[in-house]
Peer 1: 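One structure, as structure tokens, below. Some questions next.
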Amino acid sequence: MSQKDENDVTILCRCEDITIEEVRSYIQRGITDLEQLKRLLRVGMGPCQGRTCTPLLVNELARATGQEIKRIHLTVFRQPTTPVKLGVLAGGTDHEENS
Amino acid sequence: MKKTADYVVIGGGVIGCSIAYHLAQKGAKNIALIEKKYLTSGATGRCGAGVRMQFGTETNCLLAKHSVELFENLEEELSYDGSIEFKQGGYLLLAYTEKMVEQFHKNLGIQHQLGIPSSWVTPEEAKEIVPYLNTQGLLGATFCPKDGHCNPFKTTDAYAKAAQKLGVEIMTYTEVTELLAQEGRIKGVRTREGIIETPVVILCAGSYSRDLAATIGIELPITPERHQILVTEPVEKMQEPMVMSFYHGLYCQQVPHGGFVMGLGDPNEPKEYNYNGSWQFLHEMAAKATFILPPLANLRVVRQWAGLYDLTPDRQQILGSVPGCEGFHLAAGFSGHGFMIAPMTGKLMAEHILGEPTSLPIQMFDFSRFERGDLFIEPSVV
């Protein structure tokens, strides 16, 4: 297997284009709380709502802090579970003009 | 954990972090900031984060104007290594009734005296500013190009980091359960981790300030009111200003990241701690937003959340000392417009706490105004 080039990056959060290297640099600076990582880096804030990146983040945090994975607090999963167009939502209620 | 502190700030939102920073920057030592969860976990991290100077009272206009000036240079002032993402794309406030037109003109008069660059725009001019604006029923609007939006997480982080550099100890995941007072003065705070003795407490815990003040028998007229927000998927830049309608009770803007953040107030909300999102909000928000800004119908909602306004009877913050309890200061009850005045509020509170003359008057925000029946009404809030 070839050595990884030091300029190579690994995307951890695909929605927001955040690399594992960025996440690690935040963790090294002492941000070891998933809530804070999310707010400062936008990891898990994209359309997939962290479905892809959260398990990876939890692994990173557990490893960096020496905690068990089950001790890492998850962030809140928010509705809607899948992105829905505003136009569709607007159609779902009585819509009085200019009300 | 600290056993004693000279100053204890309760609340890790933008207000608490700004106050802690300004205190330390003025040379105060041994400051502890205590936060129940993580920084920005309360109202700050849930707000729309709009920043505007278009208010209807001189005091609020001045607070906001000075805050905007501070926001403009905040990254330098705090030596922040990131960006607070301050975007000055303006605020377009829509008027739909004659009464609103009249009020907006009054507001403009006050704003112009204070040098705020706002102006009246016709529906046609409003459409030039936001080309896809639906002008149906619109009588006009006011526009201020220097208003804008900031990233609330980064702004708070910037204040917190700068405060830490100046020696402030920030204790997250530490809940204050009780204030301790004796013979008319503050003695300390009880946290879940133990007691911290202190002669000065600055309470800026949003809606939770009421519960904490109650532990020493002080009744704050602050009630929580749920407000909901949603954010859409990011798209190419298409809307510069925040569009706000007091008539519809809504605000909507595209943040630098590309997503549209929009929220809606509902005066009939039960006054309780409720962080749940509702599907009714999604429908109502979508209906109103796509009426005013039709092309947004094609955007997908990624996420919705709820936060609490810490509402006072006149929808104005309470700033200053609490009579009858020496060492107890308040910065709470921001009623939905705390974020945008946080820079100046932090500075004024630090001045007040250290016994310096304040750069702007704050006595109209004093706690006793409710008892006196001397409410301070701001006409332009949503």
Side-chain angles (χ1 to χ4, degrees), chain A residues 13-18 22-23 25-54 61 65 67 71-99, chain B residues 37-41 44-45 81-82 96 134 136-138 151-154 156-157 160-161 164 172-173 230-234 245 247-248 252 257 259-260 262 275-306:
Chain A
C13 172
R14 293 191 297 199
C15 301
E16 296 293 336
D17 243 4
I18 308 294
E22 285 174 275
V23 169
S25 83
Y26 269 70
I27 293 174
Q28 270 164 16
R29 276 188 265 162
I31 316 279
T32 54
D33 178 356
L34 198 53
E35 300 278 8
Q36 287 289 67
L37 276 179
K38 173 179 165 184
R39 281 158 186 83
L40 294 173
L41 265 174
R42 303 195 61 92
V43 281
M45 276 195 175
C48 95
Q49 289 243 44
R51 281 186 192 83
T52 314
C53 61
T54 299
L61 281 171
T65 59
Q67 290 181 85
R71 298 257 170 248
I72 308 282
H73 285 284
L74 297 183
T75 57
V76 178
F77 292 92
R78 300 191 183 278
Q79 63 270 53
T81 46
T82 187
V84 186
K85 278 189 178 179
L86 278 169
V88 172
L89 291 164
T93 184
D94 286 332
H95 173 24
E96 199 188 326
E97 297 275 89
N98 204 9
S99 65
Chain B
K37 289 196 241 163
Y38 50 93
L39 298 182
T40 72
S41 55
T44 298
D81 57 3
Y96 284 95
N134 175 14
Q136 188 189 326
L138 188 68
N151 182 320
F153 310 117
K154 298 278 192 175
T156 309
D157 186 49
K161 283 217 174 86
Q164 278 173 319
T172 53
Y173 293 99
L230 64 80
V231 62
T232 71
E233 61 194 332
S245 166
Y247 186 85
H248 300 90
C252 171
H257 179 258
F260 276 76
M262 56 188 86
Y275 284 106
N276 296 320
S278 71
W279 58 267
Q280 289 92 341
F281 161 75
L282 277 184
H283 286 313
E284 193 187 349
M285 185 78 246
K288 287 180 172 174
T290 56
F291 170 77
I292 296 176
L293 304 160
L296 301 195
N298 293 315
L299 298 187
R300 287 177 183 81
V301 179
V302 170
R303 194 162 60 246
Q304 74 171 113
W305 66 94

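Numbers restart at 1 for each chain; the letters A, B, ... are given by sequence-line order, proteins then strands.
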Peer 1: Specify the closest pair of heavy atoms between A:Ala90 and B:Ala286, including all atoms of both residues, with the distance to one decimal.
Peer 2: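 Shortest heavy-atom separation between A:Ala90 and B:Ala286 comes out as N-CB, 3.5 Å.
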
Peer 1: For B:Thr232, is it the side chain, the backbone, both, or neither that has a heavy atom closer than 4.5 Å to a heavy atom of chain A?
Peer 2: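 For B:Thr232, the contact with chain A is made by the side chain alone.
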
Peer 1: Has A:Arg14 got more than 12 heavy atoms of other residues, nucleotides or ligands less than 6.0 Å from its CZ?
Peer 2: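 For A:Arg14, atom CZ is not crowded (no more than 12 foreign heavy atoms under 6.0 Å).
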
Peer 1: Mind checking what makes side-chain hydrogen bond (donor to acceptor under 3.5 Å, both in side chains) contact with A:Glu35, not counting sequence neighbours?
Peer 2: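 A:Glu35 satisfies side-chain hydrogen bond (donor to acceptor under 3.5 Å, both in side chains) with A:Arg39, B:Tyr38 once adjacent residues are dropped.
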
Peer 1: Answer with side chain, backbone, both or neither: which region of A:Gln79 has an atom nearer than 4.5 Å to a non-hydrogen atom of chain B?
Peer 2: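 When you check distances to chain B, atoms from both the backbone and side chain of A:Gln79 fall under 4.5 Å.
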
Peer 1: For B:Thr172 and A:Asp33: C-alpha separation, side-chain torsions, deciding distance, then whether side chain to side chain contact (heavy atoms under 4.5 Å, CB included) applies.
Peer 2: CA-CA 10 Å; B:Thr172 53; A:Asp33 178 356; 6.0 Å; no

Peer 1: Need one label for B:Phe260: side chain, backbone, both or neither, based on atoms under 4.5 Å from any heavy atom in chain A.
Peer 2: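 Neither part.
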
Peer 1: To check you understand the geometry: which heavy-atom pair defines the closest contact between A:Leu86 and B:Met262, and what is its length?
Peer 2: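 Result for this residue pair: CD1-CE, 3.7 Å.
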
Peer 1: Going by residue number, which parts of residues 71-78 of chain A are within reach of chain B, meaning a heavy-atom gap below 4.5 Å?
Peer 2: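 Contacts with chain B: A:Arg78.
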
Peer 1: Counting only non-hydrogen atoms closer than 4.5 Å, does B:Leu230 touch chain A with its backbone (N, CA, C, O), its side chain (CB onward), both, or neither?
Peer 2: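 B:Leu230 touches chain A through side-chain heavy atoms alone.
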
Peer 1: Can you say whether B:Asn298 sits under 4.5 Å from chain A via the side chain, the backbone, both, or neither, judging by heavy atoms?
Peer 2: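 For B:Asn298, the contact with chain A is made by backbone and side chain together.
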
Peer 1: Would you check if B:Val231 and A:Met45 make a side-chain contact, meaning some heavy-atom pair closer than 4.5 Å?
Peer 2: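 Counting from C-beta outward, B:Val231 and A:Met45 never come under 4.5 Å.
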
Peer 1: Measure from the side-chain N and O atoms of A:Lys85 to the backbone N and O of B:Val301, and report whether any donor-acceptor pair falls under 3.5 Å.
Peer 2: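 Judged by distance alone, no pair lies under 3.5 Å.
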
Peer 1: Specify which of A:Gly46, A:Cys15, A:Pro80, A:Pro47 makes the most heavy-atom pairs with chain B at under 4.5 Å.
Peer 2: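 Option with the top pair count is A:Pro80.
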
Peer 1: Top residue by heavy-atom pair count (under 4.5 Å) with chain A, among B:Lys154, B:His257, B:Glu233?
Peer 2: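 Maximum pair count with chain A is reached by B:His257.
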
Peer 1: For B:Leu282, run the side-chain contact (heavy atoms from CB on, under 4.5 Å) check against A:Val88, A:Val84, A:Leu89 and tell me which one passes.
Peer 2: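 Of A:Val88, A:Val84, A:Leu89, side-chain contact (heavy atoms from CB on, under 4.5 Å) with B:Leu282 is met by A:Leu89 alone.
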
